[in-house]
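Take a look at the structure set out below.
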Amino acid sequence: MNPLLLVTGGSRGIGAATARLAAARGWDVAVNCTRDAAAAEVVAADVRVCGRRAWVLQADVADDAQVQAMFARLDREAGVLSGLVNNAGVVDVAARVDEMTAARWQRMFAINVFGSFSCSREAVKRMSTRYREGGAWAAAGGHRGGVIVNLSSAAARLGSPGQYVDYAAAKGAIDVFTLGLAKEVAAEGIRVNAVRPGLIETEIHASGGQPDRAKQLAHQVPMQRTGSAEEVAAAIVWLLSDEASYTTGALLDVTGGR
Ligand code: NAP
């Protein structure tokens with residue numbers, strides 16, 4: 001049986017690239033999305049072409065009940081996971097803090113921060129060796145450790161003034177979440193790390209009303225170019241792998257030096 005990975009927000013961009021590369025490296029992959037199940041099905045089909053198993057799981061990571069239902073479906077249909085990539089994330093249109101609404105902040109933190117908390121809680125309950133004796137998932141092969149990779153952002157260092165300080169602050173929370181959870185579960189067989197991408201060519205910029213944002217800011221990058229979803233996926237899949245067996249609590253910049 002191949003190890004099982006859940007990638008949240010796997011229907012496009014960095015999540016889709018991660019699902020495809022992980023499949024090529026031997027993972028069965030569950031592809032989560034909220035909206036575009038057809039796109040997620042295309043990614044799942046690519047996973048199956050690699051000879052791995054794949055599932056499409058539609059759930060809003062900001063909704064704790066939907067996250068619990070998603071993990072319950074995984075338990076029933078796929079088995080116990082040993083990898084989680086908390087990739088689902090959103091930006092919003094460029095604005096100053098004094099122009100933002102509370103509803104915007106709530107959505108920003110609900111998806112980008114609490115979604116990662118919910119999914120990680122469910123993953124740790126299944127992965128942690130702490131529950132090995134008689135734990136709820138022991139019979140199904142759980143409680144044997146695992147690995148979690150969170151998607152932070154260079155924004156957590158840069159602050160994104162005039163664009164989306166709320167997004168940057170949410171990613172700052174992800175950095176601290178990564179450090180704390182990594183220490184909390186390090187002795188329970190679980191590694192927790194974060195990748196901090198820089199300017200990566202995906203549709204996230206269009207969703208914030210700036211489709212050319214990455215290209216326009218490329219001159220600020222020491223390497224003088226944007227990055228690809230595949231370049232970020234390579235870092236994520238390395239962190240998932242046994243090659244990163246002594247790496248936990250790390251915040252890995254994938255930014256071309258920015
Ligand atoms: P993207 O192309 O916009 O893709 C986002 C993915 O998240 C989609 O699959 C989307 O699927 C899913 N999603 C959105 N809201 C969701 C929710 N509530 N529940 C479940 N899935 C949800 O974004 P990306 O550029 O690949 O970014 C991926 C991650 O990297 C994000 O966390 C982002 O903040 C981070 N990042 C990106 C960049 C960059 O330059 N691209 C830089 C730094 C960090 P549906 O629409 O189908 O729901």
Side-chain angles (χ1 to χ4, degrees), residues 6-21 29-44 56-67 69-71 84-92 106-119 149-158 160 163-164 166-175 177-178 194-218 220-221 225-233 235-236 251-256 258:
L6 170 62
V7 181
T8 68
S11 60
R12 60 172 186 268
I14 293 167
T18 300
R20 291 185 172 108
L21 183 59
V29 185
V31 182
N32 155 262
C33 69
T34 37
R35 206 177 38 82
D36 196 350
E41 288 291 357
V42 172
V43 177
V56 170
L57 305 174
Q58 224 168 337
D60 179 351
V61 297
D63 182 331
D64 195 47
Q66 289 189 36
V67 168
M70 173 170 69
F71 274 81
L84 167 66
V85 179
N86 283 312
N87 167 80
V90 292
V91 295
D92 210 321
Q106 270 150 14
R107 170 178 175 265
M108 191 62 67
F109 275 72
I111 298 173
N112 292 347
V113 181
F114 301 131
S116 297
F117 269 78
S118 289
C119 291
V149 179
N150 296 323
L151 266 291
S152 174
S153 170
R157 283 189 283 104
L158 300 169
S160 306
Q163 296 254 306
Y164 25 66
D166 52 347
Y167 171 81
K171 293 301 188 181
I174 288 296
D175 284 358
F177 174 56
T178 301
V195 170
R196 296 201 290 202
L199 293 166
I200 311 301
E201 299 273 10
T202 72
E203 291 171 36
I204 201 170
H205 309 291
S207 70
Q210 305 178 75
D212 297 328
R213 178 174 178 271
K215 275 198 180 61
Q216 279 166 2
L217 297 178
Q220 296 179 359
V221 179
R225 68 170 178 87
T226 58
S228 69
E230 289 71 23
E231 288 176 305
V232 181
I236 295 169
L251 310 175
L252 176 56
D253 286 356
V254 184
T255 61
R258 184 166 179 246

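Ligands are counted one by one from 1 in listed order, and the atoms in each one are counted from 1 as well. Atoms considered below: every heavy atom in the structure, side chains included; atoms not considered: hydrogens, waters and symmetry mates.
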Testing Leu252, Leu151, Leu21 one by one against Ile236 for a side chain to side chain contact (heavy atoms under 4.5 Å, CB included), which residue passes? Leu151

On a heavy-atom basis, the closest approach of Asn86 and Ser116 is CB-OG, 3.5 Å

Strictly under 4.0 Å, does any heavy atom of Gly115 approach an atom of ligand 1? no

Those atoms of ligand 1 less than 4.0 Å from some heavy atom in Glu203: 2 (O)

Heavy-atom nearest neighbour of atom 25 (O) of ligand 1 within options Thr226, Ile14, Thr202: Thr202

Could you tell me whether a side-chain N or O of Asp60 sits under 3.5 Å from a main-chain N or O of Ala62, the two making a donor and an acceptor? yes

With distance as the sole test, does Asn32 use its side chain to make a donor-acceptor pair with the main-chain N or O of Ala59 at under 3.5 Å? yes

Are any of the N or O atoms of His205 closer than 3.5 Å to those of ligand 1? yes

Where is the nearest protein heavy atom to atom 1 (P) of ligand 1: which residue, which atom, and how far? Arg12 NE, 3.5 Å

If you measure from CG on Asn112 to CG on Asp166, what distance do you get to the nearest 0.5 Å? 9.0 Å

In the protein, what heavy atom is nearest to atom 14 (C) of ligand 1, and what distance, to one decimal place, separates them? Val90 CG1, 4.0 Å

Using a strict cut-off of 4.0 Å, indicate which atoms of ligand 1 neighbour a heavy atom of Gly13. 2 (O), 26 (O)

I'd like to know whether ligand 1 has Arg196 as a neighbour, heavy-atom separation below 4.0 Å. no

Do the non-hydrogen side-chain atoms of Leu199 and Val221 ever get within less than 4.5 Å of each other? yes

Please classify the Val91 to ligand 1 contact at 4.0 Å (heavy-atom distances, strictly less than): side chain, backbone, both or neither. neither

Between the side chain of Arg196 and the main-chain N/O of Asp175, is any donor-acceptor distance below 3.5 Å? no

To the nearest 0.5 angstrom, please state how far the CG atom of Asp212 sits from the CG atom of Leu217. 10.5 Å

Please check whether Val61 reaches ligand 1 - meaning an N/O of the residue sits under 3.5 Å from an N/O of the ligand, judged on distance alone. yes

Quick one: nearest non-hydrogen protein atom to atom 31 (C) of ligand 1, plus distance? Asn87 O, 3.1 Å

About how many Å separate CG of Leu57 and CD of Gln66, when rounded to the nearest 0.5 Å? 12.0 Å

Is there a heavy atom of Ala16 sitting under 4.0 angstrom from any atom of ligand 1? no

Can you tell me the protein heavy atom closest to atom 16 (C) of ligand 1 and the distance? Thr34 OG1, 3.7 Å

Starting from atom 35 (C) of ligand 1, which protein heavy atom do you reach first, and at what distance in Å? Tyr167 OH, 3.8 Å

Ala110: heavy atom below 4.0 Å from ligand 1, yes or no? no

So which heavy atom in the protein is nearest atom 6 (C) of ligand 1, and how far is it from that ligand atom? Gly9 O, 3.6 Å

CZ of Arg157 to OG1 of Thr255: how many Å apart, nearest 0.5 Å? 5.5 Å

Closer than 4.0 Å to some heavy atom of Gly198 - which atoms of ligand 1 meet that? 38 (C), 39 (C), 40 (O), 42 (C), 43 (C)

Just need the protein heavy atom nearest to atom 9 (O) of ligand 1, so name the residue and atom and give the distance. Ser11 OG, 2.7 Å

Closest to atom 20 (C) of ligand 1 (judged by heavy-atom distance), picking from Asp36, Asn32, Asn150, Ile236: Asn32

If we set the cut-off at 4.0 Å for heavy atoms, which region of Glu201 has an atom near ligand 1: side chain, backbone, both, or neither? neither

Thr8 side chain to Ala88 backbone, donor-acceptor under 3.5 Å: yes

Provide the number and element of each atom of ligand 1 under 4.0 Å from a heavy atom of Ile111. 18 (N)

Min N/O separation Asp60 to ligand 1 under 3.5 Å: yes

For ligand 1, is any non-hydrogen atom under 4.0 Å from Ser152's backbone (N, CA, C, O), its side chain (CB onward), both, or neither? backbone

Do any side-chain atoms of residues 35-43 form donor-acceptor pairs under 3.5 angstrom with protein atoms, and if so which ones, sequence neighbours left out?
unit_1 : atom_1 : unit_2 : atom_2 : d
Asp36  : OD1    : Ala39  : N      : 3.2

Nearest heavy-atom pair of Tyr164 and Val91: which atoms, and what distance? CE2-CB, 3.9 Å

For atom 40 (O) of ligand 1, the protein heavy atom that lies nearest, with its residue and separation: Ile200 N, 3.0 Å

Can a donor-acceptor pair be found between the side chains of Ser118 and Asp64 at a distance below 3.5 Å? yes

Side-chain (Gln58) to main-chain (Cys33) donor-acceptor, under 3.5 angstrom: no

For Ala59, counting its heavy atoms only, list the atoms of ligand 1 lying under 4.0 Å from any of them. 19 (N), 20 (C)

